[in-house]
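What follows is a short report on a single structure.
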Amino acid sequence: MEEFAAASGISRPTVSKYFNDPDSVRVSTRERIERALEAHDYRPNIFAMNQNRKATKNIGIVVPYLADPVFAEIARKTEQRCIDAGFRPTLYSAHGHRELEVEILDSLRSLKPAGVLMAPLGRGSDQAEIEKFCADVPTMLFDSNIEGVGLAFSGSDNPQFARLVVDYLCRTGEPPCFFEMKKPANPNANKRRQAYIAAMEALGLDPQIVSIDGEGWSFEEIGRLGGIKALSENAFATNTILCSNDRLAIGFLVACYERGLPVGLAEGSAIRVAGMDDHPFSRYTCPPLTTIAQDFDAVSGHAVDTLFRAIEGEEIEQRTVLFEGKLVMRQSA
């Protein structure tokens, strides 16, 4: 920056002031600097500038698996909110691996972020490392909670999801069987399982749970293979299947197709299928998937707002805020 200032004939403090806020310098000075930028093809090193400041504009956003469109959607909304507020977000994916999640936190330390928004792996996380990081950097957790860690937690009311969809399915047809992975990657799956059991019992019905093999984040293929096996073994006690998430349900819909089972409400349909999340592709399955829609806007909005208040020096009460979902009725159920 000193070399640019000397070459353009503008003082170094004025150039620095311009990069912090272009409107903070006179119009004539701003135009002169911008002409010099074009002439010399100069771009400031934002990260280097931030290293010299006590408070940077860097924000880290960490998700467990960015290839999952649900996380991609909430990350997109979170990132845009940071940009709109004048921060510089950097998005990271742990790709489902504990070691990579820890490496990401180490990398973030070197950027001196003003704060971090993090959806941890959950049970797969190194909790001690996350606790250590949160003690050093203002960190807001979302989607997956680690009790007592971070500034606070913003997430979805998974028990409400299950109660809402179970009630709907029972009112409109046979009670649902719950279709899940034995070892789910996302800890929210267990909350939904427990809520399904409670909802069924509250209606005086016996819970019917079908747990399938499979680990990791390839939910669609796990749902397809597990669905084919469960259907061939007549594992379902009713003709209504509630999947623990939409990605598993998408795989199950393929299993139904491969088994020649018509899905939906139309005459001649053999089975009803529902999920939870309102995955961005769930409206485009065949038939379109009945589900519970997460309030991505509310979850990301509360997480970002809480983090920004902490960055500005406000004392944040460590608490959990959960947002309800909405029933989305489509042709699959």
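The analysis underlying the following values was restricted to heavy atoms, covering all of them including side chains, and did not include hydrogens, waters or symmetry mates.
Expressed to the nearest 0.5 Å, how far SG of C170 lies from CE of M200 amounts to 5.5 Å.
Under 4.0 Å is where a charged nitrogen must lie from a carboxylate oxygen, and between R30 and D23 at least one such pair does. By the 4.0 Å N-to-carboxylate-O rule, E312 lies too far from R309 to be salt-bridged with it. A salt bridge links R109 with D106: the closest approach of a Lys/Arg side-chain nitrogen to an acidic carboxylate oxygen falls below 4.0 angstrom. With respect to the salt-bridge test (charged N to carboxylate O, under 4.0 angstrom), the residues D167 and R163 do not qualify. By the 4.0 Å N-to-carboxylate-O rule, E220 lies too far from R224 to be salt-bridged with it. Using a cutoff of 4.0 Å between basic side-chain nitrogens and carboxylate oxygens, D277 and R192 are scored as salt-bridged.
Aromatic ring centroids of Y42 and H40 lie 6.0 Å or more apart. You'll find the ring centres of F153 and F323 outside the 6.0 Å limit.
Looking at S8 and R32, their side chains never bring a donor and an acceptor atom within 3.5 Å of each other. A donor-acceptor contact closer than 3.5 angstrom is absent between the side chains of D278 and T291. Side-chain atoms of T172 and R272 include a donor-acceptor pair closer than 3.5 Å. Under the 3.5 Å distance criterion, with hydrogens and angles disregarded, no donor-acceptor pair is assigned to the side chains of E101 and Y92. No side-chain donor from either of R98 and S125 sits under 3.5 Å from a side-chain acceptor of the other. Of the N and O atoms on the side chains of N190 and Q194, not one donor lies less than 3.5 Å from an acceptor on the other residue.
For CD of E2, the number of neighbouring non-hydrogen atoms (other residues, nucleotides, ligands) closer than 6.0 Å is 12 at most.
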Q80 and K77: CA distance, side-chain angles, deciding distance, side chain to side chain contact (heavy atoms under 4.5 Å, CB included) verdict: CA-CA 5 Å; Q80 190 58 56; K77 291 181 179 294; 5.9 Å; no
Test log, rule side chain to side chain contact (heavy atoms under 4.5 Å, CB included), inputs L289 and Y284: CA-CA 8 Å; L289 184 66; Y284 303 113; over 6 Å; no
Residues L307, I316; criterion side chain to side chain contact (heavy atoms under 4.5 Å, CB included); working and verdict: CA-CA 9 Å; L307 179 64; I316 302 298; over 6 Å; no
From CA spacing to verdict: side chain to side chain contact (heavy atoms under 4.5 Å, CB included), R81, S300: CA-CA 8 Å; R81 280 189 160 88; S300 65; 2.8 Å; yes
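When all heavy atoms of S282 and R330 are compared, the closest pair comes out as OG-NH1, 3.1 Å. Here the closest heavy-atom approach between residue L66 and residue S93 is recorded as N-OG, 3.1 Å.
Connection of I61 to V299 is established within a shared hydrophobic cluster, with ILVMFWY side chains joined at heavy-atom distances below 4.5 Å, either directly or through further cluster members. No path of Ile, Leu, Val, Met, Phe, Trp and Tyr side chains, each step under 4.5 Å between heavy atoms, connects V254 with V263, placing them in separate hydrophobic clusters. Under the 4.5 Å side-chain contact rule for hydrophobic residues, I250 and I241 do not share a cluster. By the criterion of side-chain heavy atoms lying less than 4.5 angstrom apart, applied directly or through intervening Ile, Leu, Val, Met, Phe, Trp or Tyr residues, M118 is not grouped with F308; the two fall into different hydrophobic clusters.
The shortest side-chain heavy-atom distance between V166 and L242 falls under the 4.5 Å cut-off. When side chains are defined from C-beta on, L231 counts as touching I271, because their heavy atoms get closer than 4.5 Å. Considering only heavy atoms from C-beta on, F71 comes within 4.5 Å of P64 through its side chain.
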Could you pull out all donor-acceptor pairs under 3.5 Å where a side-chain atom in residues 173-180 meets a protein atom, sequence neighbours excluded?
from : atom 1 : to   : atom 2 : distance (Å)
E174 : OE1    : N239 : N      : 2.9
E180 : OE1    : R193 : NE     : 3.3
E180 : OE2    : R193 : NE     : 2.9
E180 : OE2    : S211 : OG     : 2.5

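Note that K57 lies in the cation-pi zone of F87, set by a 6.0 Å cut-off to the ring centre and a 45° limit from the axis.
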